[in-house]
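I have placed the structure first, in the form of structure tokens, so that the comments after it can refer back to it.
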Amino acid sequence: MLLNKKLSFIMSQRVKIKQILLSDRTNYEVTVKGWVRTFRNNQFIALNDGSTNNNLQVVVNEADMDPALFRRITRGAAIAVTGEIIPSLGKGQKVELKTAVLEILGDCDAEVYPIQPQKQSLEFMREIAHLRFRTNTFGAVFRIRHSLAFAVHQFFNEKGFVYLHTPIITASDAEGAGEMFRVTTLDMKKPPLNEKGEIDYKEDFFGRATNLTVSGQLEGELGAMAFGDIYTFGPTFRAENSNTARHLAEFWMIEPEMAFYELKDNMDLAEEFIKYVIRYSLEHNREDLDFLAQRLLDEEKQKPQADRSPMGLIEKLEFVLNNEFMRITYTEAIDILKNSKPNKNKKFQFPVEEWGTDLQSEHERYLVEKHFQKPVILTDYPAAIKSFYMKQNEDGKTVRAMDILFPGIGEIVGGSQREENYDKLVKRMEELQIPVEELYWYLDTRRFGTAPHAGFGLGFERLVLFVTGMTNIRDVIPFPRTPKSAEF
RNA sequence: UCCUCCUUAGCUCAGUUGGUUAGAGCAUCUGACUGUUAAUCAGAGGGUCGUUGGUUCAAGUCCAACAGGGGGAGCCA
């Protein structure tokens, strides 16, 4: 495997390509390991090791090499190269690696390797999700996803929040947040039955029916009533038959819960939080963001002028940072929509007529993308269209809910101040036929030292969508789970 | 789940009013070149036109069902 006799090079430290490209240093020996992106002119290897979207140009001299080894330098192959970093003799890069020793770590049959140096569709990439990390686009997306996740923890840590791990498997199916996935070890062919002929979950692993969590909020509230401020950040499961570019059956959600917070504090925190993580990404993922911005720009060129977005990706992120989110109540939103041009001209599929109905996607989009042209926080929704745990307003009609709506994404945050009054909460649960006895542990927070508190849930993938400028949520989670699809 | 569109080579796509042997670019292979930047040049191989059934003298092209995928809607984060 050795190219020549300079054995001392073998001992060189492996260095990540990002580090080499960041530095102006030259004339030193390194070992790099990565995957061949392209091999040009039988001479130039574009090597990528995942540390950055940029490739290191590795220069090989065919004459110096064993022909059998040379032929194994193919697109996709894993290689280790030792040599000297020198100022590049060609244009297009500052430095390059002059090969002394090259080793094939893993061959790649280029004939069947599906990733090619040309434009390939995102739909096709989803079918090869196990390999798509090796492309520029997905490399950028998932490095940004990592940064955002890190920034989430850093933000809450700086604020003194406790990261609370709420359970993945839950026994309550009373949260009303959607269809749940059943968790069981019972024999599906012949499950044990009780006297009534129903499946006897007493025989099941936990001695009761259990499901995958749809939200950590209720448990989160228990933590908030001890630590003051907590957050969760974990997987969440919804068995809804949702087939959209914004829904997943398995997704990651961030749910802070704060004691002694009222609705306004809740909104302030959510806005500060979103801006913090976006700023973090702008500061730490500039190369990847620039790549995605360029990609988006190229894509926009295919579209007719009218459909093109007025802002580039970076501009859009900076715009969000530099402007306050618009805060209006549901009632104000209805007024705006009622008097809006599309409503008067009957352009809405669902005309806005009366107070009390839920807003449709087209209405939310109008408010965010046309009327205000910035993120909007909608508050004080009718109680009838919101969850049982939200704090009831004095008007007897509305609750202290808040949803944050983002352009192109829709609802990115849903939250509320919680009803801390035991009697009001129980009354509301009874009205909605939520089993009060089953949730005794939740109600105990209202019996023992209850306090005003609030919180929200932020869909992590929707945040990643916004920051990366991608448009399908399946492209911002490594292995998407959607109805009829759980490959890899 | 509903509406709508799509499915042709490994990938990205052409394929006319149904009519001989289904095309291109890239990728792959062979050769050339050797400071290239999605390298270039020459040549070669590569297709059950998503599946099944139907209409027709004749179907990639028309019809139906099914499968997979895209976009939109609902549910929501």
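By convention in this document, chain letters (A, B, ...) are assigned in the order of the sequence lines, proteins followed by strands, and residues within each chain are numbered from 1. If you're wondering where the values come from, they're calculated on a predicted model, not measured in any experiment.
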Separation of the [atom1] atoms in [N] and [M], to the nearest angstrom:
| N | M | atom1 | answer |
| --- | --- | --- | --- |
| G19(B) | U61(B) | P | 10 Å |
| C76(B) | A39(B) | C1' | 49 Å |
| A24(B) | A42(B) | P | 14 Å |
| C62(B) | U17(B) | P | 10 Å |
| G47(B) | G53(B) | P | 23 Å |
| U34(B) | C49(B) | P | 45 Å |
| C3(B) | C11(B) | P | 30 Å |
| G25(B) | A9(B) | C1' | 12 Å |

Using side-chain heavy atoms (C-beta onward) and a distance below 4.5 Å, is [X] in contact with [Y]?
| X | Y | result |
| --- | --- | --- |
| Val413(A) | Phe273(A) | no |
| Thr99(A) | Val59(A) | no |
| His371(A) | Ser340(A) | no |
| Asp475(A) | Leu465(A) | no |

Which part of the nucleic acid, if any, lies within reach of [X] when heavy atoms closer than 4.0 Å are counted: base, sugar-phosphate only, or nothing?
| X | value |
| --- | --- |
| Leu463(A) | nothing |
| Arg474(A) | sugar-phosphate |
| Val413(A) | sugar-phosphate |

Tell me: [atom1] of [X] to [atom2] of [N], nearest whole Å?
| X | N | atom1 | atom2 | result |
| --- | --- | --- | --- | --- |
| Ile115(A) | C26(B) | CD1 | C1' | 16 Å |
| His363(A) | G74(B) | NE2 | C1' | 13 Å |
| Phe466(A) | A77(B) | CZ | C1' | 16 Å |
| Arg126(A) | G71(B) | CZ | C1' | 11 Å |
| Glu179(A) | G74(B) | CD | P | 18 Å |
| Phe237(A) | C75(B) | CZ | C1' | 19 Å |
| Leu359(A) | C75(B) | CG | C1' | 15 Å |
| Glu299(A) | G71(B) | CD | P | 11 Å |

Worksheet entry | Nucleotide of A77(B), C75(B), A38(B) approaching Thr38(A) most closely (side-chain heavy atoms) | A38(B)
Discussion item. Within the 4.0 Å limit for protein heavy atoms, which parts of nucleotides 7-12 of chain B are touched? Write it as a string from 5' to 3', B for base, S for sugar-phosphate only, - for none.
Written reply: ---BBS
Do [X] and [Y] pair up side chain to side chain, a donor and an acceptor below 3.5 Å, judged on atom types alone?
| X | Y | value |
| --- | --- | --- |
| Glu362(A) | Gln360(A) | no |
| Tyr389(A) | Glu221(A) | no |
| Gln19(A) | Ser51(A) | no |

Pick from [options]: which one makes a side-chain contact (heavy atoms from CB on, under 4.5 Å) with [X]?
| X | options | value |
| --- | --- | --- |
| Val467(A) | Val277(A), Leu313(A), Ile144(A), Val141(A) | Ile144(A) |
| Asp403(A) | Tyr330(A), Tyr381(A), Phe456(A) | Tyr381(A) |
| Leu148(A) | Val476(A), Val464(A), Ile254(A) | Val464(A) |

Quick check on [N]: is either OP1 or OP2 less than 4.0 Å from any side-chain nitrogen or oxygen of [X]?
| X | N | result |
| --- | --- | --- |
| Arg246(A) | G72(B) | no |
| Ser361(A) | G72(B) | no |
| Arg75(A) | U28(B) | yes |

Worksheet item: Who passes salt bridge (charged side-chain N to carboxylate O under 4.0 Å, His left out) against Lys397(A), sequence neighbours left out?
Response: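 For Lys397(A), no residue satisfies salt bridge (charged side-chain N to carboxylate O under 4.0 Å, His left out) once neighbours in sequence are set aside.
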Worksheet item: For RNA chain B, whose closest nucleotide is more 5', that of Phe39(A) or that of Arg462(A)?
Response: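 Final value for this comparison: Phe39(A).
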Atom pairs, N/O to N/O, protein against nucleotides 1-3 of chain B, distance under 3.5 Å?
residue: U1(B); atom: OP1; partner: Asn241(A); partner atom: ND2; Å: 2.8
residue: U1(B); atom: O4; partner: Asn243(A); partner atom: ND2; Å: 2.7

Discussion item. Please report whether the ring centroid of Phe233(A) lies less than 6.0 Å from that of His153(A).
Written reply: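 For His153(A) and Phe233(A), the ring centres are under 6.0 Å apart.
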Worksheet item: Has Lys16(A) got more than 12 heavy atoms of other residues, nucleotides or ligands less than 6.0 Å from its NZ?
Response: no
Worksheet item: Would the number of heavy atoms belonging to other residues, nucleotides or ligands and lying under 6.0 Å from CD of Glu431(A) be above 12?
Response: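 Count over threshold, so yes.
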Worksheet item: Does Lys316(A) make a cation-pi contact with Phe466(A), if we ask for NZ or CZ under 6.0 Å from the ring centre and within 45° of the axis?
Response: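 Lys316(A) over Phe466(A) ring: yes.
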Worksheet entry | Watson-Crick and G-U pairing of RNA chain B, under 3.5 Å, as dot-bracket with | and [ ] | (((((((..((((.....[...)))).(((((.......))))).....(((((..]....))))))))))))....
Would you list the protein and nucleotides 33-35 of chain B atom pairs, both N or O, that sit under 3.5 Å from each other?
residue: C33(B); atom: N4; partner: Asn42(A); partner atom: ND2; Å: 2.9
residue: U34(B); atom: O2; partner: Asn41(A); partner atom: O; Å: 2.5
residue: U34(B); atom: O2; partner: Asn41(A); partner atom: OD1; Å: 2.8
residue: U34(B); atom: O4; partner: Glu62(A); partner atom: OE1; Å: 3.3
residue: G35(B); atom: N1; partner: Glu96(A); partner atom: OE2; Å: 2.8
residue: G35(B); atom: N2; partner: Gln57(A); partner atom: NE2; Å: 3.4
residue: G35(B); atom: N2; partner: Ser88(A); partner atom: OG; Å: 3.4
residue: G35(B); atom: N2; partner: Gly90(A); partner atom: N; Å: 3.0
residue: G35(B); atom: N2; partner: Glu96(A); partner atom: OE1; Å: 2.4
residue: G35(B); atom: N2; partner: Glu96(A); partner atom: OE2; Å: 3.2

Worksheet item: What pairs with Phe372(A) under ring-ring contact (aromatic ring centres under 6.0 Å, His included), at least two apart in sequence or on another chain?
Response: none
